[in-house]
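Okay, structure first, notes after.
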Amino acid sequence: LACGAGRFWPVLAEHENRVILAADPSQGMLDHAQTHHSAHLLTRIKTFKSSVFSIDMSENAVDSIFCMQLFHHVHDSAHRLAILREFHRVSRDTLILSVCVGRSATHLDRTQRVVVNKAELETQFMQAGVSPLKQYDVLPGCERGSIYIVRKGT
């Protein structure tokens, strides 16, 4: 979520038994994403149009949610928390999120990506009912690009 052009689908599909549910708010983007992948890969991908604020799935519907681009564009703290809560509702176990983090207040960096205050983000994880398992810096020693794996609390 949001799947965009589906650039991560081949990586997610490396496990043969994995079914990928790919959602995006734009049907045009979903249609476009399907033109870039093999028919074999597409047999394991089910696409649907959905907002990250209200995912058209039941509670605990998926094992994990993978979100690589979205948080780079969410400046509003209340929106970020609402998305995290919706991800918590839909996932049974983990969230894998890419977030640009920093020490200062939330701001835009020179590439126009939202840089979120790390303490604020980790507080929002707690408020949404998830706990960080691991944080990976995309470039070690550079705090900006981080991949968080967080687990849903019980």
Side-chain angles (χ1 to χ4, degrees), residues 1-101 106 108 111-136 138 145-154:
L1 288 164
C3 77
R7 117 171 75 169
F8 298 105
W9 293 356
V11 173
L12 294 171
E14 286 179 351
H15 295 279
E16 288 295 323
N17 65 340
R18 185 175 289 157
V19 175
I20 300 163
L21 305 174
D24 198 278
S26 165
Q27 185 61 49
M29 187 56 76
L30 291 168
D31 294 342
H32 175 73
Q34 293 181 64
T35 67
H36 294 290
H37 302 287
S38 70
H40 174 71
L41 177 66
L42 292 175
T43 62
R44 296 181 32 229
I45 298 174
K46 299 178 182 357
T47 62
F48 63 101
K49 185 177 173 184
S50 186
S51 164
V52 293
F53 295 104
S54 179
I55 302 168
D56 191 17
M57 300 182 87
S58 62
E59 290 184 21
N60 302 313
V62 298
D63 291 331
S64 184
I65 292 178
F66 183 77
C67 183
M68 292 303 289
Q69 302 282 321
L70 179 67
F71 285 99
H72 298 186
H73 307 286
V74 181
H75 193 275
D76 186 280
S77 180
H79 288 166
R80 195 169 36 257
L81 182 56
I83 293 166
L84 287 168
R85 285 181 171 150
E86 183 64 356
F87 285 2
H88 176 277
R89 183 187 72 77
V90 173
S91 175
R92 271 190 293 274
D93 188 32
T94 55
L95 311 175
I96 302 166
L97 312 167
S98 175
V99 185
C100 296
V101 294
T106 299
L108 293 176
T111 64
Q112 298 301 299
R113 292 180 305 174
V114 174
V115 179
V116 179
N117 174 278
K118 184 175 182 167
E120 177 184 349
L121 178 66
E122 292 182 356
T123 295
Q124 288 182 317
F125 286 159
M126 187 174 38
Q127 291 171 331
V130 296
S131 303
L133 290 176
K134 187 74 176 167
Q135 176 194 1
Y136 298 95
V138 174
S146 291
I147 306 294
Y148 279 89
I149 301 173
V150 298
R151 174 158 283 146
K152 182 175 180 175
T154 54

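Note: hydrogens, waters and symmetry copies are ignored here, and every other heavy atom, side chains too, is used.
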| said: Quick one: does any side-chain atom of Ser64 pair with a main-chain N or O of Thr94 as donor and acceptor, under 3.5 Å? | reply: yes
| query | Can you check whether Arg92's main-chain N or O pairs, donor with acceptor, with Lys152's side chain at less than 3.5 Å? | reply | no
Side-chain donor/acceptor pairs under 3.5 Å, residues 17-30, sequence neighbours excluded:
from, atom 1, to, atom 2, distance (Å)
Arg18, NH1, Leu12, O, 2.8
Asp24, OD1, Ser26, N, 3.0
Asp24, OD2, Cys3, N, 3.4
Asp24, OD2, Gly4, N, 2.9
Ser26, OG, Gly28, N, 3.3
Ser26, OG, Met29, N, 3.0
Gln27, NE2, Asp31, OD1, 2.9

| query | Would you say Met68 and Arg7 make side-chain contact, with heavy atoms under 4.5 Å? | reply | no
| field | Donor-acceptor contact below 3.5 Å, side chain Arg44 vs main chain Ala13 | value | yes
| request: Measure the CG-CD distance between Leu81 and Glu120 for me, rounded to the nearest 0.5 Å. | output: 9.5 Å
| said: Could you tell me if the side chain of Leu41 sits less than 4.5 Å from the side chain of Pro10, heavy atoms only? | reply: yes
| query | Could you state the interatomic distance from OH (Tyr136) to CD1 (Ile149), rounded to the nearest 0.5 Å? | reply | 4.5 Å
| request: Indicate yes or no for a side-chain donor-acceptor contact from Arg80 to the backbone of Leu121 under 3.5 Å, with no hydrogens or angles considered. | output: no
| Side-chain (Arg89) to main-chain (Met57) donor-acceptor, under 3.5 angstrom | yes
| said: Less than 4.5 Å apart, side chain to side chain, heavy atoms only: is that true for His73 and Val114? | reply: no
| query | Does the His37 side chain pair with the main chain of Gly6, one donor and one acceptor, at a distance under 3.5 Å? | reply | yes
| message | Closer than 3.5 angstrom, by distance alone: can the side chain of Ser50 be matched with the main-chain N or O of Asp56 as a donor-acceptor pair? | response | yes
| message | I'd like to know whether CZ of Phe48 has more than 12 heavy-atom contacts from other residues, nucleotides or ligands below 6.0 angstrom. | response | yes
| field | pair Ile65-Leu1: side-chain heavy atoms closer than 4.5 Å | value | yes
| Rounded to the nearest 0.5 Å, what separation is found between the CG atom of Asn117 and the CD atom of Glu122? | 9.5 Å
| field | Contact check, side chains of Ile83 and Phe71, non-hydrogen atoms, under 4.5 Å | value | yes
| Does the side chain of Cys100 reach to within under 4.5 Å of the side chain of Val115, using non-hydrogen atoms? | yes
| task | Could you grab the distance from atom CD1 of Ile45 to atom NE2 of His40, nearest 0.5 Å is fine? | result | 10.0 Å
| request: With the side chain counted from C-beta on, respond yes when Leu97 and Phe87 share a heavy-atom pair under 4.5 Å apart, and no when they do not. | output: yes
| said: Measuring from atom CH2 of Trp9 to atom OG of Ser38, what distance do you get when rounded to the nearest 0.5 angstrom? | reply: 11.0 Å
| field | Main-chain N/O of Ile55 paired to Glu86 side chain as donor or acceptor, under 3.5 Å | value | yes
| note | So CZ of Phe66 and OG of Ser98: to nearest 0.5 Å the spacing works out to 8.5 Å
